[in-house]
Amino acid sequence: MSKPVIWTVDDDPDVLRAVERDLRRRYGDRYKVISADSGISALEATKQLKLRNEPVALFLVDQRMPRMSGVEFLEKAIELYPDAKRALLTAYADTDAAIRAINNVQIDYYLMKPWDPPEERLYGVVDDLLDDWQASYHPVFQGVRVVGHQWSPQSTEIRDFFGRNFVPHQWLNIETDETAKQLLTTTGAPVSSLPVVVFPDGSFLGNPSTGEVAHKLGLKTKAEFPFYDLVVVGAGPAGLAAAVYGAADGLHTLLIEREAPGGQAGRSSRIENYLGFPTGLSGGDLARRAVIQARRFGAEMLAPQEVKGVRVEGPTRVLTLADGSEVGCRALLITTGIAFRKLDVPGLDRLSGAGIYYYAPMSEAFSYRDGNIFIVGGANSAGQAAMYFSKFARQVTMLVRGSSLSDSMSQYLEKQIAATKNIEVRLNSSVIAVEGADRCETLTIRNNKTGATEIASASALLIYAGAVPRTDWLAGVVERDAQGYLISGQHLMLDGKRPTGWSADRDPFYLETSVPGIFVAGDVRHRSAKGVTSGVGEGAMAVKLVHQYLGLL
Ligand SMILES: Cc1cc2nc3c(=O)[nH]c(=O)nc-3n(C[C@H](O)[C@H](O)[C@H](O)COP(=O)(O)OP(=O)(O)OC[C@H]3O[C@@H](n4cnc5c(N)ncnc54)[C@H](O)[C@@H]3O)c2cc1C
């Protein structure tokens, strides 16, 4: 937490040195005393303070300065810091100027020079001013700030990225928040460059990619070593578990994640069926704890960084990353899970991120308090979202294609939904169109049984329409089923025969793919049980099989 600032501005170097010295002696332990020899340079520095979100408690400014007078400086400075106290240093001859200052910039005090001894003529006044300021001061947020439009997909993406990568940040809505407007003016960035991300060091980026933001924040995207015992691709529950157990078992382990740790589970508001957490825990919490645990055991993690390809060179598996770099390993574990399925509905792509979300970030919930929210899907993920958003929204309506929830949802969740007054479940229902000028406003809903359609006004549409594996980067390397899931173990054996090209003198291990030393765990595996617990279990089991494999080499 940085100390609040006391500004002293005077063009006379002797006076400036003296006032700075006196202020530091008395207030230096609680305040940062800074000085400038002109109003112009002080104004520039004040803008930088504003960008870094450092608080200013007091301006103590000489009136008679060339080019910019004390009052002229204060007129501009208080636009940036309206709550800061203002005192003017004047000679007797400047009394008129001081009176004008009281009228023009609501000066709190004017101090006559010289003020010696300071104990009598300076500190009493400054003490009073600082006490007043402290009484109404609320400590400011000092992390990353995002200024943007509520309904912009880019703003949503950046906020989601920060949230899921555990980066503390403050969201400032340009349409409703005066601080947001002021901060944007201070950066000098045009409105067309929103969202603008302002970093704690005062620098900022207009409409940045998540990669640029990650680089700026120093998130780790490059591997420290060219070669590892084990590389795990994908940091969902399966990959995180493998990183924890791999590193704990002494394997030099690297975990690579395309977006943010947690995977699908990171979007879950409350996982209630995970062993050891009787009241449930959020996917974000699970991911955060697992990342700490993996790091504590010495696992290295890159995020955001995507794996684009893999090749086999004798006993080494070589991965190509999105930035073109390569990393080699003795054993590779693929835990890339599944990615959401897109709906093909007119209007949906255009408004995506503007009231329409696939697997909505939980951070969006607050924006829809008292809203009318529709949720597409009837599985557990949709049910959890309904429960979570019902705490904020006026009404939540679940649109379920099938004729029953029980076919796709756990019983405990179905019961919770039935007992929640502001959730309505509409069976046999599909969204066939979405409309709105610049955000979701209305949906056309069709009853699949009767064919009847209806237009409903909607603040948001959240889509949980299932997911598919994205394993194209592995095509031609390991065997995949028709949907793209990776085949492993006994499923590779056809009529007792090992897969084509299989080079080891044994059958594939349970979680081993058609290439020895390349393993798979979690949702991306052909015929996996799916879910957090199974993912974690398979991740742990894969590490044991990696040990067996390495022992065989
Ligand atoms: C909203 C929601 C709620 C859920 N609630 C529950 C619940 O209560 N209980 C339960 O048991 N299950 C729940 N699930 C399902 C559960 O989250 C998944 O089964 C589980 O996360 C699967 O884990 P995984 O590690 O196999 O894959 P994922 O969680 O899908 O993680 C895969 C990771 O790999 C990354 N990745 C993909 N490709 C690459 C690449 N090429 N390079 C680098 N990284 C890559 C992805 O970005 C992702 O982070 C829920 C799912 C959702 C979406």
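Counting convention: from 1, in listed order, for ligands and their atoms alike.
- Aromatic rings from Tyr388 and Phe392 are positioned such that their centres are separated by under 6.0 Å.
- Of the N or O atoms in Val307, one or more lie within a sub-3.5 Å distance of an N or O in ligand 1.
- Every atom of ligand 1 is numbered from 1 in the order shown, and the set under 4.0 Å from a heavy atom of Gly337 is 27 (O), 28 (P), 30 (O), 32 (C).
- Comparing heavy-atom distances from atom 21 (O) of ligand 1 across Pro237, Gly263, Ser534 singles out Pro237 as nearest.
- Taking a 4.0 Å cut-off on heavy atoms, Asn380 fails to register as neighbouring ligand 1.
- For ligand 1, the atoms sitting less than 4.0 Å from at least one non-hydrogen atom of Gly522 are 26 (O), numbered in the order shown with element in parentheses.
- Checked against the 6.0 Å centroid criterion, the rings of Tyr485 and His526 do not qualify as a close aromatic pair.
- For Trp151 and Tyr368, the gap between ring centers is short of 6.0 Å.
- A salt bridge does not link Arg317 with Glu313: none of the charged nitrogens is closer than 4.0 Å to a carboxylate oxygen.
- For ligand 1, the atoms sitting less than 4.0 Å from at least one non-hydrogen atom of Arg267 are 1 (C), numbered in the order shown with element in parentheses.
- Put simply, no part of Arg470 is less than 4.0 Å from ligand 1, judged by heavy atoms.
- Under 4.0 Å is where a charged nitrogen must lie from a carboxylate oxygen, and between Asp472 and Lys308 no such pair does.
- Of the listed options Glu272, Gln384, Arg525, Arg258, Gln384 places a heavy atom closest to atom 6 (C) of ligand 1.
- Checking only distances, Ala238 does come within under 3.5 Å of ligand 1, N or O to N or O.
- Atoms of ligand 1 lying under 4.0 Å from any heavy atom of Tyr359, numbered from 1 in the order shown and given with element: 53 (C).
- Ring planes of Phe340 and Tyr358: parallel class, angle under 30° (limits at 30 and 60°).
- Annotation: atom 50 (C) of ligand 1 to nearest protein heavy atom, Ser381 CB, 4.6 Å.
- With distances taken over non-hydrogen atoms, the option nearest atom 31 (O) of ligand 1 out of Gly236, Ser268, Gly466, Gly539 is Gly236.
- In summary, the atoms of ligand 1 found under 4.0 Å from a heavy atom of Trp473, numbered by their order in the structure, are 41 (N).
- Less than 4.0 angstrom separates some heavy atom of Thr335 from each of these atoms of ligand 1: 32 (C), 33 (C), 34 (O).
- Among protein heavy atoms, atom 18 (C) of ligand 1 sits closest to Asp523 OD2, 3.3 Å.
- Residue Val233 has at least one heavy-atom neighbour below 4.0 Å for each of these atoms of ligand 1: 40 (C), 42 (N), 43 (C).
- Between Tyr464 and ligand 1, a contact under 3.5 Å exists for no N or O pair.
- Heavy atoms of Ile256 found under 4.0 angstrom from ligand 1 belong exclusively to the backbone.
- A donor-acceptor pair under 3.5 Å links the side-chain atoms of Thr420 to the main chain of Gln416, judged by distance alone.
- Nearest-heavy-atom check against atom 38 (N) of ligand 1 across Leu240, Val310, Thr336, Asn273 picks out Thr336.
- Within ligand 1, counting atoms from 1 as listed, the ones closer than 4.0 Å to a heavy atom of Ile338 are 30 (O).
- Assignment of Gln305 to the shell around ligand 1 is supported, since a heavy atom sits closer than 4.0 Å.
- Taking the six-membered ring where the residue is Trp, the centroids of Tyr549 and Phe509 are separated by 6.0 Å or more.
- Protein heavy atom in closest approach to atom 30 (O) of ligand 1: Gln264 NE2, 2.8 Å.
- Not a single heavy atom of Gly535 sits under 4.0 Å from any atom of ligand 1.
- Closest approach of Glu259 and Asn165 over heavy atoms only: O-ND2, 3.4 Å.
- Scanning all protein heavy atoms for the shortest distance to atom 34 (O) of ligand 1 gives Gly234 CA, 3.2 Å.
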Glu300 and Lys220: CA distance, side-chain angles, deciding distance, salt bridge (Lys or Arg N to Asp or Glu O under 4.0 Å) verdict: CA-CA 9 Å; Glu300 189 182 321; Lys220 193 166 175 180; 3.2 Å; yes

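- At least one protein heavy atom sits closer than 4.0 Å to atom 41 (N) of ligand 1.
- Arg350 places a side-chain N or O within donor-acceptor distance of the main-chain N or O of Gly436, the cut-off being under 3.5 Å.
- Heavy atoms only, all atoms of each residue included: Ala290 and Val244 are closest at O-CG2, 3.8 Å.
- Ligand 1 has an N or O atom lying under 3.5 Å from an N or O atom of Glu257, backbone or side chain.
- Ring geometry for Phe277 against Tyr274 counts as parallel: the plane angle stays under 30°, on a 0 to 90° scale with 60° as the upper cut.
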Ser528 and Asp523: CA distance, side-chain angles, deciding distance, side-chain hydrogen bond (donor to acceptor under 3.5 Å, both in side chains) verdict: CA-CA 6 Å; Ser528 70; Asp523 282 12; 4.6 Å; no

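- Looking only at side-chain heavy atoms (C-beta outward), Glu435 and Leu351 stay at 4.5 Å or farther from each other.
- For atom 17 (O) of ligand 1, the nearest non-hydrogen atom from the set Gly309, Ala265, Gly531 belongs to Ala265.
- If you check which protein heavy atom lies closest to atom 11 (O) of ligand 1, you get Val532 N, 2.9 Å.
- Between Arg527 and His491 the shortest side-chain heavy-atom distance falls below 4.5 Å.
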